[in-house]
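For reference, the structure is listed below as structure tokens.
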Amino acid sequence: MTPGSNPRYPVFLALHGRRVLVVGGGPVAARRARDLVSAGARVEVVAPFANEDVVELAAAGDLVWHRRDFEVGDVADAWLVHTATGEPAVDELVASTAEAARIWCVRADDATQSSAWRPAVARHGDVTVAVSGGGDPGRATALRDAVQLLLEQGALPVRPRRAPATGRVTLVGGGPGDPGLITVRGRRLLAEADVVVVDRLGPRGLLDELEDDVEVIEAGKAPHAHTLSQEEINDLLVQRAGEGKRVVRLKGGDPYVLGRGGEEAIACVAAGIPVEVVPGVTSAVAVPAVAGIPVTHRGLARGFAVVTAHDGEVDWTAYARIEGTLVLLMGVTKLRTSAAALVDAGRPASTPVAIVERGTTQDQRTTVGTLADIADRAAASGVTSPAVVVVGEVAGLHRVLAEGATQAESSGAEEITSRGAG
Ligand code: SAH
């Protein structure tokens with residue numbers, strides 16, 4: 001064996017159900033043992049003392065711990081040996097015993113004397129990238145971390161090239177717009193999609209990262225674009241998935257918060273198409289948050305309700321009675337009637353209201369007022385959709401918490417704060 005001088009031969013091992021020996025009970029051995037258990041190996045640890053992880057795994061029946069010193073007979077019948085005792089003489093004995101038995105042995109103390117090496121590993125769904133640093137573990141780890149980050153950012157071409165056995169639909173909540181506010185899972189599934197059906201709202205910036213041959217379909221609601229009806233969207237999802245495609249329905253916020261995601265899921269289920277939902281950061285909570293408005297706050301609001309103000313059929317009397325914050329989505333066009341209805345139903349006209357337009361984007365802007373004057377203020381400053389309307393005492397916290405909200409003292413000027421200009 002002339003380790004180090006020869007190129008290494010990478011290989012992945014199917015260890016499921018196979019006996020693997022780990023000698024040593026310290027943190028390195030424990031980490032290896034845990035990894036091996038995850039890979040389904042039948043792990044046996046030999047060590048006079050072991051750290052908590054090993055003890056726990058043993059107690060759970062995930063591995064067997066022999067509480068004693070290593071004996072040469074231990075390697076027999078093992079498919080693989082790891083030695084990490086912290087004592088070079090013991091590691092040497094384990095390695096040479098394994099070598100004589102033609103069993104691969106990973107030595108933690110001295111990689112150059114090892115017959116096998118454990119690479120640094122980046123994982124992403126079912127993708128595994130194994131990295132060797134040419135005998136420099138720090139270099140391998142640094143490179144692995146960089147790869148892991150790129151994988152998580154969806155910056156590497158992880159899209160499967162082999163067609164799936166069956167197509168599927170994933171309803172991905174994209175968050176309110178900032179690409180940093182999609183979930184890791186959502187981002188991964190987006191990077192793996194063959195077809196992406198998108199709305200106007202949500203993290204549209206992520207579309208630039210899709211590979212050229214990914215089919216991107218605009219579901220519409222863009223001012224001048226053709227808008228697909230909900231039924232057409234449902235049919236499209238079912239049809240593309242039926243062709244064996246991985247379809248991602250990328251939606252703004254959370255798919256099941258006033259997003260009609262439930263209808264899309266039901267359409268898939270009815271057509272026998274596998275469908276999964278990946279929850280998202282809803283604008284109902286996140287957009288107030290980034291404008292310095294917690295939807296609940298000790299002493300101000302014990303709870304909150306989210307309602308669409310769009311369809312004109314809201315029972316404002318009922319919502320007015322709810323203790324806590326009211327969050328109105330799609331609330332711009334009917335703002336005047338909604339505010340008046342809430343006052344008629346008993347909410348004080350002096351209740352603070354904040355309207356946050358285009359939350360989490362560069363053009364975020366907040367307009368504040370009261371139920372009595374918010375409609376006039378919104379009209380004066382030209383408030384447009386998309387915007388979240390927050391009704392309740394918490395809206396007053398905007399002034400305290402929002403970035404750049406502290407400077408203006410003169411009346412009127414403090415009512416509007418922009419994130420871009422702030
Ligand atoms: N499913 C989405 C809501 C869809 S309804 C969610 O969970 O966020 C569309 C409404 O959401 C818009 O009319 C607006 O009221 C709100 N909205 C979505 N994104 C927004 C944003 N970035 N800024 C302000 N309001 C937003």
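In what follows, residues are counted from 1 in the order of the sequence shown. When a ligand or atom number is given, it counts from 1 through the structure's own listing order.
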Review point. Atom 6 (C) of ligand 1: which of A286, G359, G253 has the nearest heavy atom?
Key: G253

Review point. So between G175, S283, P386, whose heavy atom ends up nearest atom 18 (C) of ligand 1?
Key: S283

Practice item. Report the C-alpha separation of H124 and E152 in whole Å, then their side-chain angles, then the decisive distance to 0.1 Å, and conclude whether the side chain to side chain donor-acceptor pair (under 3.5 Å) test is met. Key: CA-CA 7 Å; H124 177 82; E152 277 162 21; over 6 Å; no

Counting only heavy atoms, which portion of [X] has something under 4.0 Å from ligand 1: side chain, backbone, both, or neither?
X: T282; result: both
X: V356; result: backbone
X: A387; result: backbone
X: L329; result: both

Review point. K251 near ligand 1, heavy-atom distance under 4.0 Å?
Key: no

Review point. Below 4.0 Å from any atom of ligand 1, is there a heavy atom belonging to T360?
Key: no

Point to revise | Contacting atoms of ligand 1, where contact means under 4.0 angstrom from a heavy atom of L258 | key: 4 (C), 5 (S)

Using distance alone, determine whether [X] and ligand 1 share an N or O pair under 3.5 Å.
X: V257; answer: yes
X: D254; answer: yes
X: G252; answer: yes
X: A284; answer: no
X: L328; answer: no

Review point. Considering all heavy atoms of both residues, which atom of R107 and which atom of Q113 are nearest to each other, and what is their separation?
Key: NH1-CB, 3.6 Å

Is the number of heavy atoms from other residues, nucleotides or ligands under 6.0 Å of [X] [atom1] greater than 12?
X: D344; atom1: CG; answer: yes
X: H66; atom1: NE2; answer: yes
X: R161; atom1: CZ; answer: yes

Practice item. Please answer whether the main-chain N or O of Q364 pairs with a side-chain N or O of E357 as donor and acceptor at a distance below 3.5 Å. Key: no

Exercise for review: Please determine, by modelled atom types, if T112 and D110 share a side-chain donor-acceptor pair under 3.5 angstrom.
Suggested key: yes

Check your understanding: Distance only, no hydrogens: is a donor on one side chain within 3.5 Å (strictly under) of an acceptor on the other, for S38 and D35?
Key -> no

Check your understanding: To which protein heavy atom is atom 10 (C) of ligand 1 closest, and what is the distance rounded to 0.1 Å?
Key -> M330 CG, 3.8 Å

Practice item. Looking only at protein heavy atoms, identify the closest one to atom 22 (N) of ligand 1 and say how far it is in Å. Key: P176 O, 2.8 Å

Exercise for review: Check whether any side-chain heavy atom of L326 lies under 4.5 Å from a side-chain heavy atom of F304, and answer yes or no.
Suggested key: no

Check your understanding: Are R249 and D199 ion-paired here, with the side-chain N under 4.0 Å from a carboxylate O?
Key -> yes

